[in-house]
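For reference, the structure discussed in these notes is given below.
Everything quoted here is computed from the prediction, not taken from an experiment. In what follows, every chain begins at residue 1, and chains take the letters A, B, ... in the order their sequences are listed.
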2 protein chains.
Amino acid sequence: MTNKKALPERCNAALADALEPEFFKALCDPIRISIVATLAETCEPTSVTDIVDCCGIDFSGVSRHLKILKDAGILAAERDGRHVRYRLETDSLARTLREMADALDRCSAQLS
Amino acid sequence: MTNKKALPERCNAALADALEPEFFKALCDPIRISIVATLAETCEPTSVTDIVDCCGIDFSGVSRHLKILKDAGILAAERDGRHVRYRLETDSLARTLREMADALDRCSAQLS
DNA sequence: GGCTCGCTTGCACCAGAGTGCAAATAATGT
DNA sequence: ACATTATTTGCACTCTGGTGCAAGCGAGCC
């Protein structure tokens with residue numbers, strides 16, 4: 001039996017730190033998921049007008065969804081003339097997901 | 001230049017399939033995150049009454065949060081006398097997160 | 001059987017999120 | 001300067017989600 005009470009707070013804090021609600025909130029909308037999937041597919045900076053096609057809503061709504069994803073660090077935006085092109089931060093997103101998984105594993109590993 | 005147009009739909013579908021909005025919806029609330037973190041820490045089935053301590057709300061609300069997490073497959077519940085003990089499906093959760101990361105990597109790998 | 005404890009569920013309420021429309025801003029072309 | 005295209009933002013609306021309170025249900029205890 002290892003010291004079960006030795007570092008529980010640290011474990012909890014690390015997990016709670018890794019599992020950022022804002023991150024999940026950004027991805028809990030089906031339209032935002034389809035945006036992410038679309039950008040993952042094309043993998044090159046895409047204008048708002050083009051992205052609108054994959055969502056069934058007004059472009060103003062799409063613009064707002066894009067802002068939410070950008071603020072969460074999931075997308076990056078860059079102006080190109082009068083277009084604004086969005087691209088998926090694939091590496092960063094994948095890393096974030098794996099860090100969460102790692103934090104979970106570390107928590108359960110401490111008890112065995 | 002590889003065949004860029006060869007399997008974009010499959011890629012998109014695989015990602016959209018892996019990135020389930022319901023999963024993120026279950027984790028987009030700060031109280032639910034603290035529940036997950038608490039259960040990851042203790043790592044043993046915990047009663048609702050004990051879980052309530054980590055959230056600042058009424059136990060009825062906690063019960064509802066637990067149901068949401070259970071329905072999403074993130075927690076498991078088992079009756080023990082008059083207690084209902086919840087535990088975190090750590091392995092399953094970590095696997096889900098890694099599968100998402102893998103699906104993302106696969107999408108971007110197809111283009112290079 | 002009645003009682004208490006532990007948890008869930010119905011109800012009403014309030015705050016927040018998504019949406020469309022229209023106006024505002026940004027950048028380019030004429 | 002004006003018109004046009006691309007995107008963002010303000011506004012109002014609706015719908016969903018989280019919350020507390022109170023009632024209901026399930027399981028053990030007297």
Nearest to the side chain of [X], heavy atoms from C-beta on, is which of [options]?
| X | options | value |
| --- | --- | --- |
| A:R79 | D:dT8, D:dG18, C:dA27 | C:dA27 |
| A:V48 | D:dT7, C:dT19, D:dG18 | D:dT7 |
| A:K25 | C:dT8, C:dA17, D:dT8 | C:dA17 |

What nucleic acid atoms does [X] come within less than 4.0 Å of, heavy atoms only: base, sugar-phosphate, or nothing?
| X | result |
| --- | --- |
| B:I51 | nothing |
| A:L66 | nothing |
| B:G81 | sugar-phosphate |
| A:R32 | sugar-phosphate |

So [Y] and [X], do their side chains get closer than 4.5 Å, heavy atoms only?
| X | Y | value |
| --- | --- | --- |
| B:R64 | B:F59 | no |
| A:H65 | A:D29 | yes |
| A:Y86 | A:T46 | no |
| B:L27 | A:F23 | no |
| A:L69 | A:I35 | yes |

In whole Å, I'd like the distance from the [atom1] atom of [X] to the [atom2] atom of [N].
| X | N | atom1 | atom2 | result |
| --- | --- | --- | --- | --- |
| B:D58 | D:dA23 | CG | P | 14 Å |
| A:I68 | D:dT7 | CD1 | C1' | 16 Å |
| B:D71 | C:dT8 | CG | C1' | 13 Å |
| A:L75 | D:dT7 | CG | P | 14 Å |
| B:I57 | D:dC21 | CD1 | C1' | 13 Å |
| A:D53 | D:dA6 | CG | P | 12 Å |
| A:D50 | D:dT5 | CG | P | 16 Å |
| A:R85 | D:dT5 | CZ | C1' | 13 Å |

Thinking salt bridges, do B:D105 and A:R98 make one under a 4.0 Å N-O criterion? yes
Tell me whether the side-chain N or O atoms of A:R64 pair up with the base of D:dG10 as donor and acceptor below 3.5 Å, since no angle test is needed here. yes
So does A:R82 reach the base of D:dT7 with its side chain, donor to acceptor, closer than 3.5 Å? no
So, is [X] near the phosphate of [N], with a side-chain N or O under 4.0 Å from OP1 or OP2?
| X | N | result |
| --- | --- | --- |
| B:Y86 | C:dG6 | no |
| A:H83 | D:dT7 | yes |
| A:K67 | D:dT7 | no |
| B:H65 | D:dT19 | yes |

Of B:V62 and A:G56, the one whose closest nucleotide on DNA chain C sits nearer the 5' end is B:V62
